[in-house]
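Lettering follows sequence order; numbering is per chain, from 1. The shown structure was predicted, so the numbers you read here are calculated from the model rather than taken from an experiment.
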Amino acid sequence: MTAAVVLDALLAAGVLVTAVVALWHRERAASVTVFLGFGVLLTAIWARLGAPDVALAEAALAAGVTGALMTTVVAGRTRSTAPASRSSRAVDVAEGAVAVGVGVALTAVTVGAMRSAAPVLTGDVATEALPDSVVAHPVTAVLLDFRTYDTMLEIVVLAVAALAAVSTLRDAAPALSVPVDRRPVLTGAVAALTPVLVVLAAWLLVAGSDRPGGAFQSGAVVTGIVLLTVLTGTLRLPSARTTRLLLAVGSTVFLVVALATALTTGWLTLENPWGGTAVVALEAVLAVSIGVCLAVLALAGSTRA
Amino acid sequence: MTRPEWFVALGLLVFALGSVRLLFVRDTVTRLVALNIAGAGVFLVLIALAARTDPPDPVLHALVLTGIVIAVSVTGLGLVLIRRSDDGADESRDGDAP
């Protein structure tokens, strides 16, 4: 028990230190690098709190993809964060003091509220709908059975963000252009790794039905595959028009499923025995769509307009 | 303090640090980092609250998963806009250089 307490305390201290350094460092590159370390520590915390799905998503998406996105923008630019006027240390300390004050006040209120109310499960899980669900893993059941509507709108948000990013480019075809790196070691490694990554993405996807994993974690791996193959020139970038169409595929498939279910069983209501297959099929589309949208975001960030 | 309370406190502190810095910093990349850190604080609170029951509440886990994807897309779009704004600033500083 004491070992667990020490580990929790160390993780908390690590998270606080990395957060403070990432927030108050003057150099963009250092700030972004420390932020990536912050993400890795969070992954350990999610695992400690019994949330393996969130840990996988954090490692793949929040630490991995966000890191790729941020480094594409920060790379090659060693601009300090305050080029014109450097704010003084006293101001920094004052900001930190305000933040700690707010944090302590919020904690006092929240812990009081937590102690006055007994913990209960929320939503459909509380109504014991889980055994009737079309998939066994509770988190996947919530995402794609009980709250499919939320997940549909989420993929729409992602597609809109990617479309907006592509729209900031000048209207030349192809819309995205990135420098291709054809060094033999790199292309060889990518050629050897790509099949492994494809299998990993597929496994994460199918595993999501009855254990931690699923479309989001798989989608992050797909992002990696797309970026690696594009950056080594294995995959040629499609034209601006095809890119825009690709971005809309996920939302379109989701809408078609929604309309089909609305006409038969009811708006996005999945039922056994075909519900499980529908969830895996939807997740496959979702994973590829998440992968393409995030890769387009990263490539748009590294393309000079 | 119990373990969920400990991590709720940590989450709220991280949220406060991130959001205060978000309000005060001028640099755009640091603002995005601050937004992400404040978001991570909220996720910490949600997951810590989920850990109060055994097994943990999957609804809150699903909320955080959705939140992570939305946070990544917002960050991605924000970075593209920062890149455009920086490119524009570089061009105007360079004058009519090629």
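- Note on Val74(B), Leu13(B), Thr2(B): by heavy-atom pairs under 4.5 Å with chain A, the leading option is Leu13(B).
- Trp46(A) and Ala40(B) get closest at one heavy-atom pair: CH2-O, 4.3 Å.
- Among Leu42(A), Thr18(A), Leu23(A), the one residue that satisfies the side-chain contact (heavy atoms from CB on, under 4.5 Å) test with Ile37(B) is Leu23(A).
- Using a 4.5 Å cut-off between heavy atoms, Val29(B) contacts chain A through both its backbone and its side chain.
- In this structure, chain A has heavy atoms under 4.5 Å from both the backbone and the side chain of Leu44(B).
- The choice from Thr75(B), Val14(B), Thr66(B) that makes the most heavy-atom pairs within less than 4.5 Å of chain A is Thr66(B).
- Of the atoms belonging to Val54(A), heavy atoms from both backbone and side chain fall under 4.5 Å from chain B.
- Using a 4.5 Å cut-off between heavy atoms, Glu58(A) touches chain B through backbone and side chain atoms alike.
- Heavy-atom distances place the backbone of Pro55(B), and not its side chain, under 4.5 Å from chain A.
- A distance of 5.5 Å separates CG of Leu10(B) from CD1 of Ile45(A), quoted to the nearest 0.5 Å.
- In this structure, chain B has heavy atoms under 4.5 Å from both the backbone and the side chain of Val139(A).
- Side-chain contact between Thr30(B) and Arg26(A): absent, with no pair of heavy atoms (C-beta onward) separated by less than 4.5 Å.
- Atom CZ in Arg3(B) sits 6.0 Å away from atom CG in Leu49(A) (nearest 0.5 Å).
- For Ile68(B), the part sitting under 4.5 Å from any heavy atom of chain A is the side chain, from C-beta outward, and nothing else.
- If you measure heavy-atom distances from Val20(A) to chain B, the contacts under 4.5 Å come from the side chain alone.
- Leu158(A) touches chain B through backbone and side chain together, each having a heavy atom under 4.5 Å away.
- Residue Ala71(B): no heavy atom, backbone or side chain, is found under 4.5 Å from chain A.
- Here the side chains of Val142(A) and His61(B) are not in contact, with every heavy-atom distance at 4.5 Å or above.
- Within the 4.5 angstrom heavy-atom criterion, no atom of Leu63(B) approaches chain A.
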